[in-house]
**Student:** 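Okay, handing you the structure first.
First listed ligand is number 1; within each ligand, the first listed atom is number 1.
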Amino acid sequence: MVSASDFIGRDVITVGDFQRDEILFLLDAADRFDAQHGRPLAGRVIATLFFEPSTRTRLSFESAVGRLGGNCIGFAEAGVSSQAKGESLTDTVRVVEGYSDLLLIRHPKEGAARLAAEYVGIPVVNCGDGAHQHPTQTFLDLYTIRREVGRLDNLHVVFAGDLRYGRAVHSLVTVLALFDAKITLVSPGFLRLPEEQLQALDALGVVHEETESLEEALPGADVLYMTRVQRERFSDPLEYEKFKDTYRLDLKMLEHGSDELAILHPLPRVTEIAPEVDAKPHAAYFRQAHYGVAVRKALLALLLGCADEVLA
Ligand code: CP
């Protein structure tokens, strides 16, 4: 049986670091932390080392720390850190380890968070490493699905957009295997889910299909996970121009989905969801961003061994 002590001192690098029961324990803890107004992180310092832009991940973590009575230090872009003077990531984290109790790292290079974790003795949380993984996004996505749909098991989840570079997709798609999901992958050929991820789905026995048509994928879906085509991951700007407007969910397209469809998006969005969709009850993406605070409060308190009072 999972307990809060199982989380203490752990790194969060990929979703594969967590078992199904541990994820469910975290989501239950998030329910408790959602209504928590104490100060279990009083005296703790969390470092946010963000070498890539962020709104939700950094600010929801900072909000979580503040609401739990802790303090944040850090930077929001590489240019204001000593990386601009040539300092290596491993030197930076070894220094900041002495200033803080836990490191939150976002970095454009795949594997950066794992590398950092090898150099420090305090927990490291991967807040997105290149096109690789974004595990805390996945935890809040699962939390959102459970809140919005009412369950996690046996869902039909449609992923649409940039499945090649989308780290939020890469993290969520394999975790859904733990919950017996059926998955439909909607993308143009160039932006397909990487082959190794497709093979992982096969190995996990996940029922999955691929199509280029959002219209055809929507009937029968419980969840639509829309994603942005990520300009910053394209080496050729012309390729980006070719694919950036491939999909657009508007009210007409939404008619192909059921009345119970939940629409998620890790955000930011560009043009892939029309603003007219925001007012529909299906549109869960702003609630999803807000749920991130509860999930990150619970995660931080668990990793730092400060959750007992709230969970008692
Ligand atoms: N979903 C997400 O990671 O958003 P940010 O890039 O704003 O942190």
Side-chain angles (χ1 to χ4, degrees), residues 12-15 26-27 30 46-67 72 74-81 102-113 116 124-145 147-148 157 159-176 223-234 240 244 249 262-273 278 283-300:
V12 182
I13 307 298
T14 75
V15 287
L26 172 65
L27 304 191
I46 311 300
T48 54
L49 311 183
F50 275 57
F51 296 89
E52 248 193 0
S54 169
T55 295
R56 278 144 292 274
T57 310
R58 188 173 64 82
L59 296 183
S60 64
F61 263 120
E62 290 191 0
S63 171
V65 172
R67 289 178 191 276
C72 277
F75 48 82
E77 56 165 311
V80 298
S81 78
L102 183 147
L103 302 183
L104 303 169
I105 298 185
R106 170 168 289 192
H107 200 282
K109 287 215 175 94
E110 185 172 319
V124 171
V125 177
N126 180 6
C127 294
D129 59 332
H132 182 223
Q133 283 264 317
H134 195 351
T136 68
Q137 179 69 44
T138 293
F139 297 148
L140 80 89
D141 292 342
L142 293 172
Y143 186 77
T144 304
I145 292 170
R147 294 269 304 236
E148 298 285 328
V157 182
F159 290 88
D162 180 355
L163 311 188
R164 176 176 180 159
Y165 298 117
R167 58 193 172 201
V169 173
H170 299 166
S171 291
L172 181 58
V173 79
T174 44
V175 153
L176 286 173
V223 176
L224 169 62
Y225 198 89
M226 283 298 287
T227 64
R228 168 180 70 99
V229 177
Q230 300 180 76
R231 187 180 52 201
E232 65 273 26
R233 306 276 177 235
F234 282 75
Y240 171 71
K244 69 182 171 71
L249 182 71
I263 305 164
L264 275 66
H265 191 313
L267 302 179
R269 76 165 150 192
V270 188
T271 56
E272 62 278 3
I273 300 180
D278 298 355
Y285 30 93
F286 290 113
R287 292 191 293 278
Q288 178 186 1
H290 295 158
Y291 293 144
V293 176
V295 173
R296 288 170 171 139
K297 279 164 85 176
L299 182 67
L300 289 170

**Student:** Mind checking salt bridge (Lys or Arg N to Asp or Glu O under 4.0 Å) for Arg231 and listing every partner two or more places apart, or none if nothing turns up?
**Tutor:** none
**Student:** Does ligand 1 have any N/O pairs with the protein under 3.5 Å, and how far apart?
**Tutor:**
{"residue": "ligand 1", "atom": "1 (N)", "partner": "Gln137", "partner atom": "OE1", "Å": "3.0"}
{"residue": "ligand 1", "atom": "1 (N)", "partner": "Pro266", "partner atom": "O", "Å": "2.7"}
{"residue": "ligand 1", "atom": "1 (N)", "partner": "Leu267", "partner atom": "O", "Å": "3.1"}
{"residue": "ligand 1", "atom": "3 (O)", "partner": "Thr57", "partner atom": "OG1", "Å": "3.0"}
{"residue": "ligand 1", "atom": "3 (O)", "partner": "Arg106", "partner atom": "NH2", "Å": "3.0"}
{"residue": "ligand 1", "atom": "3 (O)", "partner": "His134", "partner atom": "NE2", "Å": "2.9"}
{"residue": "ligand 1", "atom": "4 (O)", "partner": "Arg56", "partner atom": "NE", "Å": "3.0"}
{"residue": "ligand 1", "atom": "4 (O)", "partner": "Leu267", "partner atom": "O", "Å": "3.4"}
{"residue": "ligand 1", "atom": "6 (O)", "partner": "Arg106", "partner atom": "NH1", "Å": "2.8"}
{"residue": "ligand 1", "atom": "7 (O)", "partner": "Thr55", "partner atom": "N", "Å": "2.7"}
{"residue": "ligand 1", "atom": "7 (O)", "partner": "Arg56", "partner atom": "N", "Å": "3.0"}
{"residue": "ligand 1", "atom": "7 (O)", "partner": "Arg56", "partner atom": "NE", "Å": "3.2"}
{"residue": "ligand 1", "atom": "7 (O)", "partner": "Arg56", "partner atom": "NH2", "Å": "2.9"}
{"residue": "ligand 1", "atom": "8 (O)", "partner": "Ser54", "partner atom": "OG", "Å": "2.6"}
{"residue": "ligand 1", "atom": "8 (O)", "partner": "Thr57", "partner atom": "N", "Å": "2.9"}
{"residue": "ligand 1", "atom": "8 (O)", "partner": "Thr57", "partner atom": "OG1", "Å": "2.7"}
{"residue": "ligand 1", "atom": "8 (O)", "partner": "Arg106", "partner atom": "NH1", "Å": "3.4"}
{"residue": "ligand 1", "atom": "8 (O)", "partner": "Arg106", "partner atom": "NH2", "Å": "3.3"}

**Student:** If the threshold is 4.0 Å, N to carboxylate O, is there a salt bridge linking Glu148 and Arg287?
**Tutor:** yes
**Student:** May I ask you to decide if Thr14's main-chain N or O and His132's side chain share a donor-acceptor pair within less than 3.5 Å?
**Tutor:** no
**Student:** Who pairs with Tyr165 by ring-ring contact (aromatic ring centres under 6.0 Å, His included), at least two apart in sequence or on another chain?
**Tutor:** Phe234
**Student:** Using the ring-ring contact (aromatic ring centres under 6.0 Å, His included) criterion, which residues pair with Phe286? Sequence neighbours excluded.
**Tutor:** none
**Student:** Consider side chain to side chain donor-acceptor pair (under 3.5 Å). Of Glu272, Arg228, Gln288, which one does His265 pass it with?
**Tutor:** Glu272
